[in-house]
Amino acid sequence: MNTIFSVEFVGLFLQYFFIFLCGGYLIGVAHKKAYLLISLVVVLLISFVYFILDVLATGVLWGALSLVLLRYSRKVDISFFSSSMPILLYILSDYIIVYLLSSAEIMNNLVFRFIVGTLLYFSIIYLFKKIINRFSYFFKSSSFTLLILAVTSSLTVIVYLMIISIERAVESGISMEKTNSIFIVVYALVSALVCVAIIYAKSKVYVAREKQKELIYLLEYLDQIESNYNEIRKFKHDYKNILISVESFLESNDIQGLKKYFYKEIKQTAQIIDLNSFKLSQLSNLQVKELKSLLANKLMVSQEKGIDTEIEMREKIKSIPVDSVVLVRSLGIILDNAIEAAEEIKNGYIRVAILHDKNLIKIIVANSCKQDIPKLFLLKRDGFSTKGENRGLGLGNLDQLLNKSKNIILETKIEKSVFIQILTVNEEGKV
């Protein structure tokens, strides 16, 4: 009996170890020493547990493999998928061997059956890995598909193990009523576990997307800072050239030429700078840094293009209770469209106002536009842009972006060749 036990134990240990090895192979960690050591320890313990739990020990193996793979992949869907498939493919290879060798006398040779089955199993795993690599881009681009595969393969393993457990229970003399009760309880617990895993996976995906949005916002913010820095460098360069010009007049003692140069070039430029600075002076009342940087950058760009640009903000605004990424991206799109529209017509202008009325903050952007501008229902159609096909962002895209926040709405209207957009933020919640 000891001999039979030792042979059975070794065979079971090797089966479980190969499953663990193939799980690591699917995510590319099977060659790591730490993974091999963890596999040996876990499989050894579960092999002993098998003689207590019987086939349920395979369920313990599945759970342990999922946790170990989660440690390396950091992704719930990948860990469950990569732990379920090695078990299902091992079952598949075993059924193939039984079917092919069912009529052969050599089927009674357990060692030969084990060797052939193992070789077939490794071949199937190798082909499966090739398929995954072939369609790796599809799996990476569609997280939902991978999640469905993970849930389906996991439930298949669970249902298979339960069916086998029920068969073993009935064979051992346990009543069907008691067996059904155990099945329902175990299935409910496992279903709850799978649901929790799915919720956790979706939350991780959501967090990853939010971090990606923050990264986009950070890159846009850095671009704005870089643009502001380039403006300062340009001003320093122009200022240096002015000083050189003044120096040349002084060295030649050409006072009349200096006066002419001063009144014609320097004073007019200074007046333009003062006028533009006055028009943007109320921007100092805005204390929301990311929004202030965006407005300063866009409005200065507008002035450089020769567009009459002005902002009105009479009260200090310390905060705007809305997702800053959504607000900055939305207002950036609105201002870019306003600049483009005002630039296309003669004497174009842009007016920006930020008003605080009770619990509402309104950001109003008005710009002159062409008389033949398309109707609003066309502008709001998905994919429509006045810049042409597949270019720019239309109002439909803007509406989709703003729908992510409950306390902000966009109102758009056209009045006498003036395009007006009003962003309204409710400080107390939903608009």
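Formation of a donor-acceptor pair under 3.5 Å by the S154 side chain with backbone atoms of T152 is not found in this model. Looking only at distances, a side-chain donor or acceptor of R351 sits under 3.5 Å from a matching main-chain atom of D308. The backbone N or O of K75 lies less than 3.5 Å from a partner atom in the side chain of S73, making a donor-acceptor pair. For the pair N407 (side chain) and N426 (backbone), a donor-acceptor distance under 3.5 Å is present. Panel note: side chain S368, backbone A342; no donor-acceptor pair is recorded below 3.5 Å. Remark: side-chain polar atoms of S330 are not paired, donor with acceptor, to backbone N or O of L327 under 3.5 angstrom. Side-chain N or O atoms of S93 include one that pairs as donor or acceptor with a backbone N or O of Y90 at under 3.5 Å. For the pair S82 (side chain) and S79 (backbone), a donor-acceptor distance under 3.5 Å is absent. K129 contributes a side-chain N or O that, together with a main-chain N or O of L26, makes up a donor-acceptor pair within less than 3.5 Å.
When side chains are defined from C-beta on, I317 counts as touching M313, because their heavy atoms get closer than 4.5 Å. Two residues are said to be in side-chain contact when any heavy atoms from C-beta on lie closer than 4.5 Å; V365 and I420 fail this criterion. No side-chain heavy atom of W62 sits less than 4.5 Å from a side-chain heavy atom of T58. Looking at F80 and L149, their side chains never come closer than 4.5 Å, going by heavy atoms from C-beta outward. Under the 4.5 Å side-chain criterion, counting only non-hydrogen atoms from C-beta, L44 is not in contact with Y16.
Ring geometry for F18 against F122 counts as perpendicular: the plane angle is over 60°, on a 0 to 90° scale with 30° as the lower cut.
For residues 20-48, there are no side chain to side chain donor-acceptor pair (under 3.5 Å) pairs, not counting sequence neighbours.
Distance check: L360 CG to H356 NE2 gives 8.0 Å after rounding to the nearest 0.5 Å. In this structure, the separation between CD on E411 and NZ on K413 is 5.0 Å, given to the nearest 0.5 Å. Interatomic distance, SG of C22 versus CD1 of I27, reported as 12.5 Å (0.5 Å rounding).
Note on D357 versus K362: no salt bridge recorded, every NZ/NE/NH1/NH2 to OD/OE distance being 4.0 Å or above.
The only member of I96, L88, D94 that meets side-chain contact (heavy atoms from CB on, under 4.5 Å) when paired with L92 is I96.
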Handout entry: Evaluation steps, salt bridge (charged side-chain N to carboxylate O under 4.0 Å, His left out), between K370 and E344
Key = CA-CA 8 Å; K370 295 179 178 179; E344 290 179 349; 3.6 Å; yes
